[in-house]
Amino acid sequence: MRTRKILLTENEIPDHWYNIMADMPNKPLPPLHPGTKEPIGPEALAPLFPMELIKQEVSAEKWVPIPDPVRDVYTMWRPTPLYRAYGLEKALDTPAKIYYKYEGVSPAGSHKPNTAVPQAYYNKMEGVKRITTETGAGQWGSALAFACNLFDIECEVYMVKISYDQKPYRKLMMNTWGAQVYASPTNLTQAGRQILAADPNSPGSLGIAISEAVERAATDEQTKYALGSVLNHVLMHQSIIGLEAIKQLEKAGDMPDVVVAPFGGGSNFAGIAFPFLRLNFEEGRTIRCIAAEPASCPKLTRGVFRYDFGDTVGMTPLLPMYTLGHNFVPAPIHAGGLRYHGAGVIVSQLLKDKLIEARAYDQLDCFEAGVLFARSEGIIPAPEATHALVTVLEEANAAREAGESRTILFNLCGHGHFDLKAYEDYFAQKLVKHEVTSAEIEASLAMLDTPLID
Ligand SMILES: *Cc1c(COP(=O)(O)O)cnc(C)c1O
């Protein structure tokens with residue numbers, strides 16, 4: 001019988017994370033203070049994050065040990081399976097070999113617990129009593145709620161009000177793991193009260209929710225803040241995905257020509273791709289790594305590379321990134337996890353240096369690919385993950401047209417069980433083609449007065 005799932009044992013879970021910073025030919029530029037616009041050091045982050053995570057944020061150490069208690073929690077769902085997509089290959093009639101790493105087997109249903117667990121652990125080690133965060137679509141909030149519960153830390157989630165109303169089951173998941181979930185804007189913070197005073201019916205936004213969660217952490221000694229993407233330590237924690245995938249592909253006697261992942265802030269892309277980029281750096285391989293983003297929020301393919309804020313209000317340090325501008329308001333597409341105006345610093349530098357590629361897709365093409373995948377492989381992908389599927393289809397079709405073999409690996413970063421409303425809208429033909437116009441991008445960028453990079 002042919003092998004569909006390539007599995008590892010629990011002992012084979014990697015014992016170190018990979019830090020790509022050590023291998024980057026050009027290191028990222030430093031973060032700048034939001035007010036003075038001078039470079040800031042790690043100590044500026046101390047009110048928000050525990051020291052160990054701050055050290056990881058600025059570390060250039062290539063291999064960082066995974067603490068045993070974290071590896072122990074990882075065994076709850078890791079190692080995750082690597083699948084050979086025989087069904088999809090057949091449906092596409094392609095000579096390409098397609099593999100996918102499935103991160104939807106985690107308790108929260110996505111790759112996000114890979115970083116939520118170590119973040120909760122390091123906070124616990126440093127005596128933190130409570131962690132605050134924001135969540136839009138709900139994936140990150142549920143991952144953090146799950147992790148905080150395991151380490152006996154209180155978890156406070158500011159959930160964008162419109163999602164809070166539309167996604168009651170994500171909220172209930174967080175409640176089940178013991179988290180407090182608030183519909184943001186709230187009257188618990190000054191940021192929230194200010195918004196409510198101006199508009200009592202505000203639907204909220206990720207930017208507002210970030211401001212509320214950060215304010216809570218900055219004003220309480222016992223409370224810290226956690227972020228589910230973008231930051232260097234988050235990307236490093238996610239490297240567990242690619243490190244496992246390499247072991248699995250070695251078992252299968254294969255190596256990818258192309259590695260693909262959807263792109264929001266960069267964590268699941270980095271997670272699968274960076275360990276393969278290491279092989280490019282160390283062994284001179286030429287594995288292509290492609291990030292797939294929505295045409296309605298195309299920071300990698302149509303944004304600019306300059307300093308920008310991580311949030312809407314302009315409270316965070318200025319980071320060197322590909323951005324559409326921190327005032328950019330993406331259309332309410334269903335891939336909620338990809339609606340972020342900027343890209344992580346490391347991924348941005350790699351794109352600038354042409355060491356990775358990026359492509360953007362319309363949501364209708366994404367759902368079409370998602371349904372094809374569900375019908376050929378069984379798993380219903382998260383709307384975010386369907387973006388990577390379109391790249392996979394393009395690569396598989398190119399292989400067929402060229403009459404050549406090609407090995408494609410992609411990250412199926414989550415299942416879509418809480419996103420079936422999106423599929424309903426797709427089937428009811430309520431989803432429209434959506435691509436942001438150049439005028440919209442220019443208008444948003446024109447508002448920026450943050451430092452340029454030459
Ligand atoms: C959060 C999320 C994303 C986007 O975030 P990245 O940091 O770019 O990975 C993509 N897919 C799923 C399933 C998510 O939960």
Side-chain angles (χ1 to χ4, degrees), residues 80 100-116 119 133-147 157 159-160 163 167 170 173-174 206 209 226-242 259-274 289-294 297-300 310 321-322 330 333-348 350-351 356 358 360-361 363 366 370 373 379-389 391 410-419 422:
T80 61
Y100 58 97
K101 185 77 167 148
Y102 184 41
E103 292 293 311
V105 293
S106 82
S110 77
H111 63 290
K112 291 212 169 70
N114 296 333
T115 184
Q119 289 196 47
T133 200
E134 71 287 338
T135 199
Q139 285 273 19
W140 170 240
S142 17
L144 192 68
F146 158 74
V157 181
M159 187 171 188
V160 178
S163 311
K167 293 196 154 188
R170 273 282 166 202
M173 223 174 161
M174 295 183 242
L206 209 49
L227 203 58
S229 182
V230 176
L231 295 181
N232 302 348
H233 66 268
V234 177
L235 273 52
M236 184 184 76
H237 297 155
Q238 294 294 354
S239 68
I240 188 107
I241 302 172
V259 177
V260 184
F263 195 96
S267 78
N268 91 87
F269 170 77
I272 197 154
F274 287 4
C289 297
I290 308 175
E293 64 179 5
C297 192
K299 58 244 170 191
L300 297 176
M321 52 156 93
Y322 276 92
I333 54 159
H334 277 296
L338 307 185
R339 294 180 61 219
Y340 185 66
H341 68 272
V345 165
I346 293 181
V347 183
S348 294
L350 292 170
L351 183 66
I356 59 171
Y361 303 108
Q363 62 175 350
C366 295
F373 186 82
I379 299 168
I380 299 172
E384 290 85 358
T386 61
H387 292 70
L389 275 166
T391 312
F410 80 96
N411 197 11
L412 184 54
C413 53
H415 65 63
H417 298 177
F418 291 90
D419 307 284

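Position 1 is the first residue of the sequence, and the numbers go up from there. Reckoned from all heavy atoms, side chains included, excluding hydrogens, waters and symmetry mates. One-based numbering, in listed order, for ligands and for the atoms of each.
- Among protein heavy atoms, atom 4 (C) of ligand 1 sits closest to G337 O, 3.2 Å.
- In terms of N/O distances under 3.5 Å, ligand 1 is approached by G265.
- The single protein non-hydrogen atom nearest to atom 13 (C) of ligand 1 is C413 SG, 3.7 Å, given as residue, atom name and distance.
- For ligand 1 and S229, the ligand atoms under 4.0 Å from any heavy atom of the residue are 6 (P), 7 (O).
- Interface of S267 with ligand 1, defined as ligand atoms under 4.0 Å from a residue heavy atom, comprises 6 (P), 7 (O), 8 (O), 9 (O).
- Without hydrogens or angle criteria, S106 side chain to G109 main chain gives a donor-acceptor distance under 3.5 Å.
- When hydrogens are left out, the protein atom nearest atom 14 (C) of ligand 1 is K112 NZ, 2.8 Å; that is the closest non-hydrogen contact.
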Dump the intermediate steps for side chain to side chain contact (heavy atoms under 4.5 Å, CB included) on F410 and V259, then the final yes or no.
CA-CA 6 Å; F410 80 96; V259 177; over 6 Å; no
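- Residue contacts with ligand 1: A385 is excluded, as none of its non-hydrogen atoms falls under 4.0 Å.
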Any chance you could lay out the side chain to side chain contact (heavy atoms under 4.5 Å, CB included) test for L350 and F274, step after step, and finish with the verdict?
CA-CA 10 Å; L350 292 170; F274 287 4; 3.5 Å; yes
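- Atom SG of C413 is separated from atom CZ of F269 by 12.5 Å, given to the nearest 0.5 angstrom.
- Proximity of H111 to S267: side-chain heavy atoms (C-beta onward) are separated by under 4.5 Å at one or more points.
- Remark: the backbone N or O of P383 is not paired with any side-chain donor or acceptor of D419 at under 3.5 angstrom.
- Using a 4.0 Å heavy-atom cutoff, H111 is listed among the residues neighbouring ligand 1.
- Annotation: atom 8 (O) of ligand 1 to nearest protein heavy atom, G264 N, 2.7 Å.
- The shortest N or O to N or O distance between N268 and ligand 1 is under 3.5 Å.
- The shortest side-chain heavy-atom distance between V347 and I356 falls under the 4.5 Å cut-off.
- Side-chain atoms of H387 come within 3.5 Å of backbone atoms of E384 as a donor-acceptor pair (strictly under, hydrogens ignored).
- Ligand 1 has no N or O atom lying under 3.5 Å from any N or O atom of V230, backbone or side chain.
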